[in-house]
Amino acid sequence: MKKKLIAGNWKMNASLAANESLVRALQAGLAANPARCDVAVCVSAPYLAQLQGLLAPGGMALGAQDVSAFEAGAYTGEVSASMLKEFGVRYCLVGHSERRLYHGESDALVASKAQRALAAGITPIVCIGETLAEREAGRTEEVVKRQLAAVIAANGHCVSEIVVAYEPVWAIGTGKTASPEQAQQVHAVLRAQLQAASAHAERIQILYGGSMNAANAEQLLAQADIDGGLIGGAALKSADFLTIIAAAQ
Ligand code: PGA
């Protein structure tokens, strides 16, 4: 059975002092109760060097929250995949709904970002998910399949190297979680789409994200096609994040 992945998305919540105490608390917890899954923390770019210093080899992996779709050059403010790689970045979120919403990121741009990450040897965690209006209009499958199709088309057989995160937009930061059945239903659709695109689709981890917490993680992670979680709010509290990690066998 493939390992699950629990990834914390700290979003724009960090400081040198807060990061250090959170990482130390997580490391102490994992030393006492070692993880049986892969664990990553995705931090804002200015803190990558700090985290690279704090994280030990073989322990939690380092993740970034975004990457440029360009390789290098006159792109002020952008951070390239090769820059991330220099700081030991193993995973990079692409297409988080907050980037799609506040920065107008299109399916095509998200697909190029995934491509850049893969080319640099970084695993993109491709985020997809429907809004409340789309779900209520019965368009959930159509939307997530369209978002994933763009990434499959741009990446060909390399798609087996990505991680997918299904994050219904209406569940992010709202305390409203998709029920395990609702999430599993969408994950099964995504798995089938990946299987049609790659002979190695079985090994692709499909994470659920959206108000996953210490209380609901176990049930969500027990679903057949839920291979981990992308955790926002609950990843900032060491005890909660450790409980979620322990729930991922
Ligand atoms: P949440 O965020 O767990 O706070 O809902 C998840 C995410 O946005 O990745």
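In listed order, ligands and their atoms are each counted from 1.
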| request: Hey, could you give me the CD/CD1 distance between Glu167 and Ile125, rounded to the nearest 0.5 Å? | output: 9.5 Å

| task | Apply side-chain contact (heavy atoms from CB on, under 4.5 Å) to Glu161 and list each qualifying residue two or more places apart in sequence or on a separate chain. | result | Leu118, Arg203

| field | Within the protein, residues bringing a heavy atom under 4.0 Å of ligand 1, chain by chain | value | Asn9, Lys11, His96, Glu167, Ala171, Ile172, Gly173, Gly210, Ser211, Leu230, Ile231, Gly232, Gly233

| Can you list every side chain to side chain donor-acceptor pair (under 3.5 Å) pair that touches residues 132-143, not counting sequence neighbours? | Glu130-Arg135, Thr131-Glu134, Arg135-Tyr166, Arg139-Glu142

| query | Residues in side chain to side chain donor-acceptor pair (under 3.5 Å) with Glu202, at least two apart? | reply | Gln195

| field | Electrostatic pair Lys4-Asp38, nearest N-O below 4.0 angstrom | value | no

| task | Determine whether the side chains of Ser80 and Arg116 contain a donor N or O and an acceptor N or O closer than 3.5 Å. | result | no

